[in-house]
Amino acid sequence: MNPGLLVVISGPAGVGKGTIVRKMLEKDPRFVLSVSATSRSPRPNESEGKSYYYKTREQFEEMIKNNELIEWVEYCGNYYGTPRDFVCDEIKKGNVVILEIEVDGALNVKRLFPDCVLCFVIPPDFEELEKRLRGRGTDTEEAITRRLARAKEEFKYLEEYDYLILNDCIDNATERFFSIIQAEQMRTKRNQSLINRFKNI
Ligand code: 5GP
């Protein structure tokens with residue numbers, strides 16, 4: 001029986017964390033993604049309950065007041081937060097809960113759940129990140145400049161993370177993420193029932 005695990009994955013826009021997470025979810029039904037609440041409007045390719053739970057600012061503030069979120073931030077003028085019940089229920093079931101969130105939220109989660117695992121996806125170098133962002137063709141020049149500046153800010157927090165996942169190629173990066181989770185699940189501190197089984201024979 002694997003112990004439940006809370007895993008955070010962060011990284012700058014364009015680094016490929018969304019794709020890595022998608023591939024991870026295909027590997028094992030016990031890997032589940034936490035869907036965040038947000039006050040930003042849906043993008044054309046997004047849907048309620050799959051990409052986010054879309055809330056008005058008032059509804060989001062009500063969620064904060066009712067302690068329904070384990071963490072929340074205001075980012076680029078919008079609220080984003082992680083619903084508490086899903087995370088706690090899935091960990092109890094022994095599942096691996098993945099949170100795809102930015103740096104401030106990640107550090108708050110670590111404070112609240114010191115046992116969680118913080119992973120940060122890095123590109124091979126900054127120029128490559130810029131190339132990938134431009135290659136997506138989805139952002140204006142202004143948005144690209146803003147996202148690159150934000151990436152520089154986020155890189156200042158790399159040492160707060162437990163693992164860095166180099167994304168030189170999506171399949172390698174996914175394998176690295178998978179290996180981290182497997183190793184974390186085998187840590188002695190997460191397997192007290194196995195220890196008990198063998199300790200007193
Ligand atoms: P976007 O608007 O592009 O979907 O997300 C903007 C940023 O917010 C991304 O870095 C994303 O990972 C982060 N984010 C999404 N959901 C949450 C959340 O629940 N909490 C925090 N702290 N960040 C989030």
Side-chain angles (χ1 to χ4, degrees), residues 6-25 32-57 59-91 97-113 116-123 129-130 132-140 142-158 160-161 163-165 167 173 177:
L6 183 57
V7 183
V8 172
I9 183 164
S10 305
V15 78
K17 55 187 190 301
T19 311
I20 295 170
V21 168
R22 237 188 2 261
K23 286 183 161 268
M24 280 295 286
L25 297 179
V32 294
L33 179 65
S34 157
V35 177
S36 296
T38 184
S39 66
R40 86 150 160 74
S41 320
R43 294 180 184 139
N45 55 340
E46 293 181 347
S47 57
E48 164 73 18
K50 239 178 146 198
S51 318
Y52 284 103
Y53 297 109
Y54 298 95
K55 307 286 175 190
T56 61
R57 288 185 73 82
Q59 287 169 333
F60 197 101
E61 284 162 8
E62 199 58 29
M63 292 180 83
I64 298 172
K65 216 161 60 196
N66 295 336
N67 202 23
E68 289 174 48
L69 304 169
I70 59 172
E71 63 78 34
W72 62 273
V73 291
E74 205 165 358
Y75 176 95
C76 295
N78 290 305
Y79 287 127
Y80 294 85
T82 305
R84 179 182 305 279
D85 285 353
F86 177 83
V87 170
C88 295
D89 292 349
E90 294 298 317
I91 292 175
V97 184
I98 302 173
L99 309 185
E100 190 190 323
I101 63 178
E102 53 69 64
V103 169
D104 294 325
L107 300 185
N108 285 336
V109 171
K110 189 71 168 181
R111 261 174 238 126
L112 214 61
F113 298 88
C116 77
V117 182
L118 298 189
C119 303
F120 195 103
V121 183
I122 50 169
L129 182 67
E130 191 168 352
R132 286 186 199 173
L133 264 180
R134 289 186 197 287
R136 294 208 298 199
T138 53
D139 296 297
T140 60
E142 190 206 335
I144 291 172
T145 307
R146 208 176 46 232
R147 285 168 186 269
L148 289 173
R150 171 80 195 181
K152 282 185 187 164
E153 279 306 304
E154 295 205 335
F155 286 141
K156 291 185 183 151
Y157 293 90
L158 288 184
E160 307 287 335
Y161 279 74
Y163 294 95
L164 301 182
I165 300 172
N167 185 12
F177 192 28

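Atoms within a ligand are numbered from 1 in the order they appear, just like the ligands themselves. By convention here, the first residue in the shown sequence is residue 1. Heavy-atom basis, side chains included; hydrogens, waters and symmetry copies ignored.
Not counting sequence neighbours, Glu48 has no partner by the salt bridge (Lys or Arg N to Asp or Glu O under 4.0 Å) test. Every residue two or more places apart in sequence or in another chain was checked for a salt bridge (Lys or Arg N to Asp or Glu O under 4.0 Å) with Arg84, and none qualifies. Legend: residues meeting salt bridge (Lys or Arg N to Asp or Glu O under 4.0 Å) with Arg146, ordered by chain and number and at least two apart, are Glu142.
Counting non-hydrogen atoms of neighbouring residues, nucleotides and ligands closer than 6.0 angstrom, the OH atom of Tyr163 exceeds 12 such neighbours.
A distance-only check finds a donor-acceptor pair linking the side chain of Glu102 to the backbone of Gly105 [under 3.5 Å].
Contact record, Arg132 with Asn167: NH2-O, 2.8 Å, taken as the closest heavy-atom pair.
Near ligand 1, heavy-atom contacts under 4.0 Å come from Ser36, Arg40, Arg43, Tyr52, Glu71, Val73, Tyr75, Tyr80, Gly81, Thr82, Glu100, Ile101, Glu102, Gly105.
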